[in-house]
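The next block holds one structure in the form of structure tokens; read it before the comments.
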Number of protein chains: 2
Amino acid sequence: MTEDRHSQPEEMRAAREKILAAAARLFAERGYESTSLAEVARAAKVSKALIFWHFDNKQQLYLTALQKNLEPYHIDREELAGLEEPDQIVRLIDSFYQFVNDNVYSVRFFMTLMLRGELPLGESEASRGSDSLQRVNELYRAFRQSFAEIIAHGQQRGVFRRSLDPEREAALMLVTLVGVLAQQFMLGETFESSKGLIEHYKQTLFERLRCAEP
Amino acid sequence: MTEDRHSQPEEMRAAREKILAAAARLFAERGYESTSLAEVARAAKVSKALIFWHFDNKQQLYLTALQKNLEPYHIDREELAGLEEPDQIVRLIDSFYQFVNDNVYSVRFFMTLMLRGELPLGESEASRGSDSLQRVNELYRAFRQSFAEIIAHGQQRGVFRRSLDPEREAALMLVTLVGVLAQQFMLGETFESSKGLIEHYKQTLFERLRCAEP
DNA sequence: GTCTATATACAGATAGAC
DNA sequence: GTCTATCTGTATATAGAC
């Protein structure tokens, strides 16, 4: 999971970009309803009217900002090559939380959206909003599938128990990771305070996955 | 986890109660920002002005409605008495999801609030933060502690592995339960579709907790 | 206690100068 | 492209009759 945003100095960016950056941050922090365009304008240091020159309306700004938040991320499978399966799993778990930690606002934002089913514009077609949500779902599935593949490989190589169903295990893993995340956000805890729990989970996980000595 | 709301026929209730009921439902469904008092008034079949006679302002109505949503719930420890520890755990897990299923709106609502940090909380003191969030935290802790106690008891009776730390295990359990919940909400799944996952988790859990034959 | 009517503020959105 | 000024709708909240 890596990010390749090519960021530029604040002052040099075109107004449109400044608006998008401010909007992405504010919508993520405060949500759609309670973020006014006046606030976005102030944060971006432009006039309200300029927002309407660049975007048709509030919703379109919002959708564009969403997409901007999602585009740069992908799972980096290269970096796992050559590692033992257990290490691959550890690496994937860590990069999951690294990603989350680096993008608290966006992640919180998307969790809120999905939680409320707030895919704006109503969930009926035509709303390109669901594209963004679609992307999140893809990302989620990609993680799950990566875990499943690693487990399956590990089984073939005899390091993981063969009695397990990789898909089921991967699904449960993702659920747990998301649970830690949710708790972290919901109880207002920091990433640091969750670390103990995460380490404990890794240990638990390997006790489950690992073969008894062959 | 049981509910003991004493509901009355819609027409007979005092206006204040009708307002609270409508507010609780609408806030839970649509959130604070996007629920107008006009809608509440319409749903409660009273005038907007009457809301302000009964409540100081929108926020106070909101907080009062929240409390109404939470008060009736508690963990019913009686119902666990006499069961074997593993059965107690199964029962607690099931009643957790039963509760959630019976109160989708409220649960979703509170998760959203906590996620957005919309209420000034954080689990440690200081927050004059709403009583309601405090209540949610208490409930969460009560569940976790119940699990920890059951595990500890099971250890003493020799049915669970003694090498485990009950608090740690309970924390991880809650995280997983919340994770299933979060996924259910976020991916728009139904409770039914999560059942397979939950059953798989129970099985995984007991493989971890149970002693090898003594 | 409950209503109608109204005050006040601010949201999203437009017009038009530069 | 960016601004100031303004329109229009709707939100919270109040006044006052009954």
Side-chain angles (χ1 to χ4, degrees), chain A residues 8-66 68 109 112-113 116 118-122 126-129, chain B residues 8-66 68 109 112-113 116 118-119 130:
Chain A
Q8 295 175 13
E10 181 87 3
E11 335 311 312
M12 296 196 53
R13 259 183 299 176
R16 188 191 146 92
E17 292 304 305
K18 291 202 302 183
I19 293 169
L20 273 177
R25 201 191 91 238
L26 288 174
F27 285 140
E29 271 180 33
R30 313 222 254 266
Y32 181 77
E33 311 287 349
S34 45
T35 300
S36 73
L37 294 184
E39 290 174 301
V40 174
R42 203 179 319 124
K45 288 178 193 137
V46 299
S47 69
K48 253 194 326 181
L50 189 58
I51 294 177
F52 285 96
W53 191 88
H54 284 291
F55 305 93
D56 289 346
N57 53 41
K58 184 183 181 183
Q59 279 180 341
Q60 207 223 334
L61 166 63
Y62 164 81
L63 292 177
T64 311
L66 276 206
K68 188 179 178 55
F109 186 23
T112 306
L113 285 186
R116 297 181 49 168
E118 198 180 298
L119 14 155
L121 316 181
S127 75
R128 296 185 315 287
Chain B
Q8 295 175 13
E10 181 88 1
E11 334 311 313
M12 296 197 54
R13 262 184 297 174
R16 188 192 146 92
E17 292 304 306
K18 290 202 303 185
I19 292 169
L20 272 177
R25 201 192 89 239
L26 288 174
F27 285 140
E29 270 180 35
R30 312 223 256 268
Y32 181 78
E33 311 288 348
S34 45
T35 301
S36 73
L37 294 185
E39 289 173 301
V40 174
R42 202 178 322 121
K45 287 175 196 143
V46 299
S47 69
K48 260 192 318 183
L50 189 59
I51 295 178
F52 286 96
W53 190 89
H54 284 290
F55 304 93
D56 289 348
N57 51 41
K58 184 183 181 182
Q59 193 171 357
Q60 206 222 332
L61 167 64
Y62 163 80
L63 292 176
T64 312
L66 276 205
K68 190 179 177 54
F109 186 25
T112 306
L113 287 184
R116 300 232 310 234
E118 207 174 277
L119 301 233
S130 92

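All of these numbers come straight from a predicted model, not from anything done at the bench.
A donor-acceptor pair is defined here as one N or O able to donate and one able to accept, closer than 3.5 Å; such a pair exists between the side chain of B:Glu39 and the backbone of B:Ser36. The closest donor-acceptor contact from the side chain of A:Lys58 to the backbone of A:Tyr32 lies under 3.5 Å.
The line from OG1 of A:Thr35 to CZ of A:Arg25 is 10.0 Å long, rounded to the nearest 0.5 Å. A:Asp56 contributes atom CG, which lies 9.0 Å from atom OG1 of A:Thr64 (distance to the nearest 0.5 angstrom). Note that CG of A:Leu37 and OH of A:Tyr62 are 13.5 Å apart. Values are rounded to the nearest 0.5 Å. Taking CG of A:Leu20 as the start and CZ of A:Phe27 as the end, the distance is 10.0 Å to the nearest 0.5 Å.
Using a 4.0 Å heavy-atom distance criterion, B:Ser36 is classed as a sugar-phosphate-only contact.
Across its full length, the helix from C:dG1-D:dC18 to C:dC18-D:dG1 shows an angle of 10° between the axes of its 5 terminal pairs at either end, rounded to 10 degrees.
On the nucleic acid side, DNA chain D has its first and last nucleotide under 4.0 Å of a heavy atom of chain B at D:dA11 to D:dA15, going 5' to 3'.
Listed by chain and number, the residues in a side-chain hydrogen bond (donor to acceptor under 3.5 Å, both in side chains) with B:Gln59 amount to none (sequence neighbours excluded). For A:Arg16, the salt bridge (charged side-chain N to carboxylate O under 4.0 Å, His left out) criterion is met by no residue, not counting sequence neighbours. Residues passing the side-chain contact (heavy atoms from CB on, under 4.5 Å) test with A:Ala21, sequence neighbours excluded: A:Arg13.
A heavy-atom distance below 4.5 Å is not found between the side chains of B:Leu63 and B:Gln60.
For residues 49-59 of chain B, proximity to DNA chain D is found at B:Ala49, B:Phe52, B:Asn57, B:Lys58, defined as any non-hydrogen atom under 4.0 angstrom from a strand atom.
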